[in-house]
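So the structure is just underneath, and the comments pick up after that.
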Amino acid sequence: GPRNVAAQNIEGIDFTIRYSLETNSFGTFDFVSDSSYISKDEFQGSDGNFYNSIGQYDGDVAYPRFRSTFSTFWYYGDFTVNTDMNYTHRSRDVQVNPADEGVKTHVNSHIEWDLVISYVLPFFKSDLQSTTVSVGVENLFDKDPPRMSTAFSNNYPERNYDPRGRYYFIRVNQSF
């Protein structure tokens with residue numbers, strides 16, 4: 001959630017780990033971890049100075065230090081099953097005085113799971129084209145965004161999280 005600022009400096013590291021396991025009778029399993037660790041996320045204020053916002057929440061945007069997606073894929077013939085676990089690390093609410101009793105001082109870490117099952121239809125399949133039908137659900141366990149009393153216009157960091165809850169979909173992909 002970058003702001004309308006004069007400049008922004010971001011430093012961090014992105015890393016991806018992949019592992020594939022092929023079996024003779026159970027198909028292929030792929031495991032992928034795609035993560036980002038941010039060490040600095042500075043914005044330039046109206047006074048010309050830079051301010052580091054990493055690990056903070058300011059009532060509008062959360063700037064988590066760590067985010068990660070862990071994906072598993074199972075391929076068996078024309079079927080594919082994919083799960084994603086999306087993790088967002090917690091942030092400290094800079095609008096709350098830590099000495100205030102009973103006031104929430106952090107945006108909690110957050111995990112959401114997605115699931116997609118796909119099948120390549122055999123009657124449109126050739127070397128040049130195929131039709132794939134997918135059925136899926138985003139936010140499988142209907143996890144609400146982390147709540148914050150200091151949120152700007154809602155009670156969650158709206159630039160970071162999707163409030164829709166569990167979301168079902170059907171998708172048809174046609175390649176030519």
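For this chain, numbers begin at 1 and follow the sequence in order.
Side-chain N or O atoms of R166 include one that pairs as donor or acceptor with a backbone N or O of L140 at under 3.5 Å. Listed for the S39 side chain is a donor-acceptor partner under 3.5 Å among the backbone atoms of E11. No donor-acceptor pair under 3.5 Å is formed between the side chain of S53 and the backbone N or O of Q56.
Listed by chain and number, the residues in a salt bridge (charged side-chain N to carboxylate O under 4.0 Å, His left out) with D142 amount to none (sequence neighbours excluded). Every residue two or more places apart in sequence or in another chain that forms a side-chain contact (heavy atoms from CB on, under 4.5 Å) with I13 is listed here: F15, Y37. Annotation: salt bridge (charged side-chain N to carboxylate O under 4.0 Å, His left out) contacts of D78 (sequence neighbours excluded): K125. Residues that satisfy the salt bridge (charged side-chain N to carboxylate O under 4.0 Å, His left out) test with E42, not counting sequence neighbours, are K40. Contacts of F50 classified as ring pair (Phe, Tyr, Trp, His ring centres under 6.0 Å), with partners at least two apart in sequence or in another chain: none.
Counted within 6.0 Å of CG on N24, heavy atoms from surrounding residues, nucleotides or ligands total 12 or fewer; the atom is thus considered open. Remark: R65 CZ is packed, more than 12 non-hydrogen atoms of other residues, nucleotides or ligands lying under 6.0 Å away. The 12-atom threshold is not exceeded at OH of Y167, counting heavy atoms of other residues, nucleotides or ligands nearer than 6.0 Å.
Aromatic ring orientation, F43 versus Y51: tilted (interplanar angle from 30° to 60°). Aromatic ring pairs are classed by plane angle as parallel below 30°, tilted from 30° to 60° and perpendicular above 60°; the pair Y119 and F79 is tilted. Between F70 and F31, the two ring planes are parallel [angle under 30°; tilted spans 30° to 60°].
Expressed to the nearest 0.5 Å, how far CZ of F29 lies from OG1 of T23 amounts to 5.5 Å. Summarising the geometry, atom OG1 belonging to T72 is positioned 6.5 Å from atom CG belonging to N82; distances are rounded to the nearest 0.5 Å.
Evaluation of the salt bridge (Lys or Arg N to Asp or Glu O under 4.0 Å) test over residues 106-121, restricted to residues two or more places apart or in two chains, returns none.
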